[in-house]
Amino acid sequence: MFKNEYLQRVYAQVEQRNPGEKEFLQAVREVLESLEVVVEKHPEYEKAGLLERLVEPERFIQFRVPWVDDAGNVHVNRGFRVQFNSAIGPYKGGLRLHPSVCASVVKFLGFEQIFKNSLTGLPMGGGKGGSDFDPKGKSDMEIMRFCQSFMTELSKHIGQFTDVPAGDIGVGGREIGYMFGQYKRLRNEYSGVLTGKGLAFGGSLVRTEATGYGLCYFTEEAMNCMRKDSFKGKTVVISGSGNVAIFATEKAVQLGAKVVALSDSAGYIYDKDGIRLDIVKDIKLERRARISEYVKEVPTAEYHEGCSGIWTIPCDIALPCATQNELDEASAKTLVANGCKVVCEGANMPSTPEAVEYFLANGVLYGPAKAANAGGVATSGLEMSQNSLRLSWTFEEVDERLKDIMKNIFHNAYEASKECGAEGNLLIGANVAGFQKVAEAMMAEGIAY
Ligand code: NDP
């Protein structure tokens with residue numbers, strides 16, 4: 001609960017204005033709870049209505065997305081873009097295609113994105129978008145028609161200096177390609193309006209790997225600094241088997257760990273000998289099939305139905321990389337009881353508030369998503385820089401910059417946690433460090449009367 005009266009009042013208004021939006025309320029509450037010390041120190045924020053402005057999106061766009069399937073049937077989905085905060089740069093954040101996408105999910109992701117983008121040190125504001133369209137089981141042509149229809153409306157609201165979307169769940173290189181093509185046709189303009197593009201048309205090396213690699217760079221730095229430890233010789237459990245999970249697995253193995261489990265929305269695989277990533281990449285990236293296929297190729301591995309069972313596998317490090325609220329308090333207790341010492345988040349808000357509280361109370365090194373998974377958007381920022389410069393940097397050059405950014409994010413969050421009297425609480429540290437720059441910019445830009 002909030003001790004500070006200003007925070008209490010702001011949160012009560014958010015609850016009243018956004019009834020039933022549980023993901024959005026959860027995200028706002030988590031950030032505001034971290035800001036007690038900062039708000040006490042800066043009474044001028046209340047006078048400037050800073051937090052009231054921060055929790056209200058600058059713009060929220062909802063639109064109809066009609067498309068025609070291969071059999072000629074018409075479908076209508078709902079499209080969204082939230083342009084949450086542009087104090088420190090153009091809106092930036094991914095597009096998610098998943099049946100669970102709704103106003104609450106888009107607003108929670110857009111709100112988180114403000115602080116994440118600030119933490120990268122790059123000039124990017126916070127935004128997010130997507131649709132309740134389900135890409136599962138759709139043909140390539142259906143995906144293309146949907147993406148084109150989606151972009152027909154979205155193109156009216158974005159631009160290289162206004163709002164630069166990227167991928168997220170259900171949106172990878174293929175979807176970004178279709179959307180970029182449609183934007184170019186409609187606007188007759190070749191610009192870096194989207195990131196995560198193919199290398200042939202303005203994409204950046206390392207963007208595909210960036211979130212997963214960045215998660216491991218952050219985790220390695222945090223373990224090194226806070227525990228004098230590393231990935232070397234550790235057993236790791238990673239949920240999900242999409243973009244983030246696959247490249248987190250790749251980097252964790254490169255850093256000397258053994259990854260023993262991965263999942264999808266139907267179930268999880270356990271391979272005590274270490275997951276064969278070449279097989280997973282073929283199943284998920286090439287064939288777009290289910291993770292259960294793995295045991296057909298590796299008969300010594302196990303497949304279990306259901307997702308949360310993955311957290312019962314004993315491990316030293318857990319990296320949740322699937323989706324929001326996938327790790328609850330019961331799973332947190334099981335992980336800790338089985339010896340897990342480090343939990344860093346690849347997905348956005350994968351741990352419930354109760355799980356986070358349990359980790360922090362039980363000495364787990366907890367790396368919150370907005371710090372730990374910022375490598376994706378950071379590399380998107382580097383893609384924007386390359387597009388503006390009309391240059392392409394090498395893999396090594398981008399990877400080095402990513403590594404530096406992730407190390408800096410950890411150190412900024414860690415230092416901020418100390419300044420707040422909560423040394424090692426990276427949740428408070430990341431929220432405060434991300435907030436400070438945005439607050440300064442919002443104070444400077446003034447209020448439009
Ligand atoms: P993908 O669409 O590539 O993969 C998502 C994966 O999560 C799939 O394997 C999916 O399984 C699985 N999944 C979905 N729901 C569940 C569930 N309830 N339990 C277990 N597994 C589930 O998405 P990304 O890898 O890009 O994104 C994953 C997370 O990382 C999201 O929270 C996203 O917001 C976050 N993120 C992504 C970034 C990026 O650069 N891509 C950047 C920063 C954060 P199935 O195939 O069955 O649907």
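Whatever order the structure lists ligands and atoms in, that order sets their numbers, starting from 1.
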Decide ring pair (Phe, Tyr, Trp, His ring centres under 6.0 Å) for Tyr190 and Phe180; before the verdict, give the C-alpha distance in whole Å, the side-chain angles of both, and the deciding distance to 0.1 Å.
-> CA-CA 9 Å; Tyr190 203 107; Phe180 183 75; 5.3 Å; yes
If you take the nearest heavy atom of each of [options], which one is closest to [atom]?
atom	options	result
atom 6 (C) of ligand 1	Ala245, Pro135, Gly242	Gly242
atom 12 (C) of ligand 1	Ala374, Gly130, Ala322	Ala322
atom 24 (P) of ligand 1	Ile310, Val244, Leu109	Val244

Region of [X] that comes within reach of ligand 1 [heavy atoms, distance under 4.0 Å]:
X	answer
Cys307	side chain
Arg96	side chain
Lys284	side chain
Cys321	backbone
Arg207	side chain
Ile169	both

Just say parallel, tilted or perpendicular for the rings of [X] and [Y], cut-offs at 30° and 60°.
X	Y	answer
Tyr268	His304	parallel
Phe60	Phe80	tilted
Phe410	Phe218	perpendicular
Phe84	Phe24	tilted

Within a distance under 4.0 Å of any heavy atom of [X], pick out the atoms of ligand 1 and give their elements.
X	answer
Ala347	29 (C), 30 (O), 32 (O), 35 (C)
Ser241	9 (O)
Lys136	45 (P), 47 (O), 48 (O)
Thr323	15 (N), 16 (C), 17 (C), 18 (N)

Side chains of Leu95 and Arg81: closer than 4.5 Å at any heavy-atom pair?
->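 Touching, per the 4.5 Å side-chain cut-off.
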For Glu112 and Asn348, what are the C-alpha separation, side-chain angles and deciding distance, and is it a side chain to side chain donor-acceptor pair (under 3.5 Å)?
-> CA-CA 8 Å; Glu112 290 285 286; Asn348 283 309; over 6 Å; no
Checking the N or O distance criterion of under 3.5 Å, is ligand 1 in contact with [X]?
X	answer
Gly376	no
Ser265	yes
Asp168	yes

Closest approach of any protein heavy atom to atom 2 (O) of ligand 1, naming residue and atom |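 Result: Gly170 N, 3.0 Å.
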Arg290 near ligand 1, heavy-atom distance under 4.0 Å?
->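 Checking ligand 1 against Arg290, which is what was asked, there is a heavy-atom contact under 4.0 Å.
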So is Gly346 in contact with ligand 1, going by heavy-atom distances below 4.0 Å?
-> yes
Lys92: what forms a side chain to side chain donor-acceptor pair (under 3.5 Å) with it, not counting sequence neighbours?
->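 Once residues adjacent in sequence are excluded, the partners of Lys92 under the side chain to side chain donor-acceptor pair (under 3.5 Å) criterion are Thr195.
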In this structure, which one of Trp67, Phe63, Tyr183, Tyr178 forms a ring-ring contact (aromatic ring centres under 6.0 Å, His included) with Phe150?
->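 So, applying the ring-ring contact (aromatic ring centres under 6.0 Å, His included) to Phe150 and each of Trp67, Phe63, Tyr183, Tyr178, only Phe63 qualifies.
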Contact list for residues 141-156, test salt bridge (Lys or Arg N to Asp or Glu O under 4.0 Å), sequence neighbours left out | Asp70-Arg145, Glu153-Lys156
Using atom types as modelled and distance alone, determine if a side-chain donor or acceptor of Asn18 lies under 3.5 Å from a backbone N or O of Val14.
-> yes
Scanning both residues in full, the closest heavy-atom pair of Ile310 with Val237 reads CG1-CG1, 3.6 Å
